[in-house]
Amino acid sequence: MLKQLLCSLQQFARMKHNEVKKGFYSCEFAASLIQSYTKSMIKALTIIGREAYTKKIQSEADKLCLSIYSGYKPPKLKLTKKKKVTRQSGIRSLKKCASRFGPQRAETH
């Protein structure tokens, strides 16, 4: 899984690098797009419980960003406490989400 994620990140970075060469993006913006992509990847890994991969992925992203933009400064990683999810908190979260959208209504034409 890690190998596939790293390949995906490298491919994304290559595409952004090519787009910089063509003049579509500045180096800084391309690096920020790579970091955004990486952040989403890390968030997904955290959700599925694969935090062990995050350092390797962030490290690779930092290298890729530096290869595109020499002025790139790696972000400082925040260490967060993992919330304990209980059955009750899960139910409350679902109810809160459902209340935002209200009752479902059938469309009439």
Of all heavy-atom pairs linking Ala31 and Tyr69, the shortest is CB-CB, 4.2 Å
Side chains of Tyr37 and Ser8: is there a donor and an acceptor less than 3.5 Å apart? yes
Would you compute the distance between atom CD1 of Ile34 and atom NZ of Lys16 and round it to the nearest 0.5 angstrom? 8.5 Å
Distance-only criterion, 3.5 Å: show the donor-acceptor pairs between side-chain atoms of residues 61-68 and protein atoms not counting sequence neighbours.
from, atom 1, to, atom 2, distance (Å)
Asp62, OD1, Gln35, NE2, 3.4
Asp62, OD1, Gln58, NE2, 2.9
Asp62, OD1, Tyr72, OH, 2.8
Ser67, OG, Leu64, O, 2.6

After noting the C-alpha distance and the side-chain angles of Arg50 and Ile57, does the key distance pass the side-chain contact (heavy atoms from CB on, under 4.5 Å) rule? CA-CA 12 Å; Arg50 301 289 178 125; Ile57 289 172; over 6 Å; no
Give, for atom CG of Leu9 and atom NZ of Lys56, the distance between the pair rounded to the nearest 0.5 Å. 11.0 Å
Output the distance between atom CG (Leu33) and atom CE (Met15), rounded to the nearest 0.5 Å. 10.0 Å
Distance from Tyr25 atom OH to Ser32 atom OG, nearest 0.5 Å? 9.5 Å
Between CD1 on residue Ile47 and CD1 on residue Ile42, distance to nearest 0.5 Å: 12.5 Å
What is the distance from atom NZ of Lys3 to atom CG of Leu5, rounded to the nearest 0.5 Å? 12.5 Å
